Trainee: 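Would you mind keeping the following structure in view while I ask a few things?
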Protein chains: 2
Amino acid sequence: MTADTTPPDPSFYAHPENSLGYLCRIAFRNFSRALEKRTLPLGVTAGQWRFLRVLWAEDGLSQRELSRRVGMREPTTVVALKSLEKAGYIRREPNAADRRVTNVFLTQAARDIEERLLPCVVEVNAMATEGLTPTEANQLRALLGRVIDNLQDEADTVLRRAGGE
Amino acid sequence: MTADTTPPDPSFYAHPENSLGYLCRIAFRNFSRALEKRTLPLGVTAGQWRFLRVLWAEDGLSQRELSRRVGMREPTTVVALKSLEKAGYIRREPNAADRRVTNVFLTQAARDIEERLLPCVVEVNAMATEGLTPTEANQLRALLGRVIDNLQDEADTVLRRAGGE
DNA sequence: GCAGAATAGTTACATATCTAAGTAAATCAA
DNA sequence: TTGATTTACTTAGATATGTAACTATTCTGC
């Protein structure tokens with residue numbers, strides 16, 4: 001049963017402000033805009049940023065693993081990597097052991113720009129959490145994590161279309 | 001100063017899971033997928049759904065006001081309304097008093113489908129908040145609301161390009 | 001070893017969303 | 001009352017993102 005967790009009156013969700021989906025969308029959009037406002041002048045779009053962040057942490061991933069960590073579908077990754085390659089931030093290298101796999105490596109330019117981009121996300125997160133105690137910020141992360149987990153199976157079923165029934 | 005709210009160590013945000021922007025994006029995406037999984041069989045996309053929800057609450061809004069309430073830019077609204085009009089869910093009516101304005105009205109079909117769509121969002125929200133107490137769910141809403149407000153000015157400056165400096 | 005299944009990546013195409021720039025109508029200021 | 005400004009909407013064009021379907025490669029079970 002799921003009925004004892006939240007007011008289940010349908011009219012409650014008729015108002016967007018009560019809907020967690022709406023709140024997550026607006027919060028995400030405000031984050032994106034605030035971040036892109038800072039990174040676009042440096043020539044990096046929000047889409048590129050998401051991949052760079054993962055690659056700064058670990059270089060040489062396959063495209064599939066990269067997709068998983070960034071949280072995007074693979075065709076989205078293909079497009080994003082094309083733009084990153086064109087911008088000179090990555091190079092793609094066929095894997096010798098398994099020729100299906102392409103590994104993605106950062107260029108020096110991408111490493112150089114990291115220290116100018118990380119402060120952007122620090123600043124945006126600081127601004128976003130202004131007035132929140134560290135405890136509250138952590139609560140927010142934890143609660144979002146639980147919501148994400150609760151919906152993960154649903155989100156995945158679209159992906160693994162073979163698993164249906 | 002904003003430094004006393006959250007761990008400001010840049011490397012902290014190198015990991016997506018620590019970044020509120022990432023968490024909001026994944027949460028939003030999981031919501032979207034879970035919701036669309038239920039509404040698409042009824043012929044309604046997530047984009048259409050967002051506008052319908054606002055119109056169910058109040059009919060006859062101008063496109064600008066509708067954009068504001070849904071949280072989309074106006075060109076997005078134009079596209080969405082075109083698809084809603086084509087699907088037979090809205091009609092647009094020029095305002096007699098101010099001919100710049102177009103008012104948007106629901107058709108009977110849109111009213112009929114409301115009672116089949118609202119349960120979808122109720123179900124998705126129930127699933128999302130499973131294991132959360134009502135208090136925690138409200139905390140999450142409140143915290144998201146504060147983050148949204150903190151970033152709202154940033155998000156708006158892009159919009160009112162005349163205000164620059 | 002080979003046929004069929006699984007895996008990695010890509011292409012093709014559809015939506016959704018945005019910014020920038022354009023049009024038409026209303027308002028304001030002289 | 002007319003020129004400049006503002007407002008409401010639209011168009012044009014870019015980016016991001018997704019699903020479905022395709023190719024190439026590898027693995028698996030006989």
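Please read all numbers here as calculations on a predicted model, not as lab measurements. Chain A is the first sequence line, chain B the second, and so forth, proteins listed ahead of strands; every chain is numbered from 1. Just so it is clear, the values below take in all heavy atoms, side chains as well, and ignore hydrogens, waters and symmetry mates.
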Trainee: Does a salt bridge link A:R116 with A:E114, judged by any charged N lying under 4.0 Å from a carboxylate O?
Mentor: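 Here A:R116 does not pair with A:E114 in a salt bridge, since their nearest N and O are not under 4.0 Å apart.
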
Trainee: Rounded off to whole Å, could you give me the CZ-to-P distance for the B:R100 and C:dA25 pair?
Mentor: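 B:R100 atom CZ is separated from C:dA25 atom P by 10 Å.
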
Trainee: Taking atom P of C:dC18 as reference, at what distance in whole Å does atom CG of A:N30 sit?
Mentor: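 My rounded result for the distance is 11 Å.
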
Trainee: Distance only, no hydrogens: is a donor on one side chain within 3.5 Å (strictly under) of an acceptor on the other, for B:R50 and B:T45?
Mentor: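 No - no donor-acceptor pair under 3.5 Å links their side chains.
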
Trainee: Same cluster or not: are A:Y22 and B:V124 linked, directly or through other Ile, Leu, Val, Met, Phe, Trp or Tyr residues, by side-chain heavy atoms under 4.5 angstrom apart?
Mentor: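 A:Y22 and B:V124: one cluster.
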
Trainee: Figure out the CD1/C1' separation between B:I26 and D:dA16, and round it to whole Å.
Mentor: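 Rounded to the whole Å, the gap is 14 Å.
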
Trainee: If you compare every side-chain N and O of B:T102 against the phosphate oxygens of D:dA8 (OP1, OP2), does one of them come in below 4.0 Å?
Mentor: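 It does not, given that no N or O in the side chain of B:T102 lies less than 4.0 Å from OP1 or OP2 of D:dA8.
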
Trainee: Which atom pairs, donor and acceptor, lie under 3.5 Å between side-chain atoms of residues 77-88 of chain A and protein residues at least two apart or in another chain?
Mentor:
| residue | atom | partner | partner atom | Å |
| --- | --- | --- | --- | --- |
| A:T77 | OG1 | A:S67 | OG | 2.7 |
| A:T77 | OG1 | A:R73 | O | 3.3 |
| A:S83 | OG | A:Q48 | NE2 | 3.0 |
| A:S83 | OG | A:A80 | O | 3.2 |
| A:E85 | OE1 | A:R92 | NE | 3.4 |

Trainee: Would you say A:T76 reaches D:dA16's phosphate, i.e. side-chain N/O to OP1/OP2 under 4.0 Å?
Mentor: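 No, because none of the side-chain N or O atoms of A:T76 sits under 4.0 Å from OP1 or OP2 of D:dA16.
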
Trainee: With a 4.0 Å cut-off, would you call A:E58 and A:R69 a salt bridge?
Mentor: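 Looking at A:R69 together with A:E58, the answer is yes, because their closest N to O distance falls below 4.0 Å.
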
Trainee: Starting at atom CZ of A:F28, determine the distance to atom C1' of D:dT17, rounded to an integer number of angstrom.
Mentor: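 Computing the A:F28:CZ to D:dT17:C1' distance gives 10 Å.
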
Trainee: Using a 4.0 Å heavy-atom cut-off, does A:T77 contact any base of the nucleic acid, only the sugar-phosphate backbone, or nothing at all?
Mentor: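 Nothing, no heavy atom under 4.0 Å.
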
Trainee: Return the residues of residues 78-96 of chain B meeting this criterion: a heavy atom under 4.0 Å from some atom of DNA chain C. Order them by number, or give none.
Mentor: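 The answer is B:V79.
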
Trainee: Main chain of B:N103, side chain of B:N95: is a donor-acceptor contact present, judged purely on distance under 3.5 Å?
Mentor: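 Checked: no pair found.
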
Trainee: Please collect all ring-ring contact (aromatic ring centres under 6.0 Å, His included) contacts where either partner lies in residues 45-87 of chain B, sequence neighbours excluded, each pair once.
Mentor: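 Found B:W49-B:W56.
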
Trainee: Compare the minimum distances between each of D:dG18, D:dT25, C:dT10 and the side chain of A:R99, then state the nucleotide with the smallest one.
Mentor: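 Comparing D:dG18, D:dT25, C:dT10 against the side chain of A:R99, the answer is D:dT25.
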
Trainee: Return no unless some side-chain N or O of B:R33 is found under 4.0 Å from OP1 or OP2 of D:dG18.
Mentor: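 Checking D:dG18 against B:R33, a side-chain N or O does come within under 4.0 Å of OP1 or OP2.
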
Trainee: Establish, from distance only, whether the side-chain atoms of A:R25 and B:S32 form a donor-acceptor pair under 3.5 Å.
Mentor: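 Looking only at side-chain atoms, B:S32 and A:R25 do not form any donor-acceptor pair under 3.5 Å.
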
Trainee: Using a strict heavy-atom distance below 4.0 Å, which residues from residues 46-72 of chain B are in contact with DNA chain D?
Mentor: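 Of all residues in residues 46-72 of chain B, the ones placing a heavy atom under 4.0 Å from DNA chain D are B:S62, B:Q63, B:R64.
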
Trainee: Quick one: B:E36 CD to D:dT17 C1', roughly how many Å, whole number?
Mentor: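 Distance check: B:E36 CD to D:dT17 C1' gives 12 Å.
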
Trainee: What is the distance from NZ of A:K37 to C1' of C:dC18, rounded to the nearest Å?
Mentor: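 Roughly 16 Å, once rounded to whole Å.
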
Trainee: Report the distance from atom CD of B:E74 to atom P of D:dT7, rounded to the nearest whole Å.
Mentor: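 That distance rounds to 12 Å.
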
Trainee: Without hydrogens or angle criteria, can the side chains of A:N30 and A:R33 be said to hold a donor-acceptor pair below 3.5 Å?
Mentor: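 Distance-only check fails for A:N30 and A:R33.
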
Trainee: Mark yes or no for whether A:N138, through its side chain, and A:P134, through its backbone, hold a donor-acceptor pair below 3.5 Å.
Mentor: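 Here the side-chain-to-backbone pair exists.
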
Trainee: Output the rounded distance in Å from CZ (A:R29) to P (D:dT17).
Mentor: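 Interatomic distance, CZ of A:R29 to P of D:dT17: 15 Å.
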
Trainee: Taking the minimum atom-to-atom distance to the side chain of B:R73, which one of D:dC9, D:dT7, C:dC18 wins?
Mentor: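 From the listed options, C:dC18 comes nearest.
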
Trainee: Are A:R38 and A:E36 within salt-bridge range, i.e. N to O under 4.0 Å?
Mentor: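 Not counted as a salt bridge, because no side-chain N and carboxylate O are separated by less than 4.0 Å.
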
Trainee: Under the 4.5 Å side-chain heavy-atom rule for ILVMFWY, direct or indirect, which residues accompany B:F28?
Mentor: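 The other cluster members (ILVMFWY side chains, heavy atoms under 4.5 Å, direct or chained) are A:F28.
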
Trainee: Return the polar atom pairs (N/O with N/O) between nucleotides 12-14 of chain C and the protein under 3.5 Å, or none.
Mentor:
none

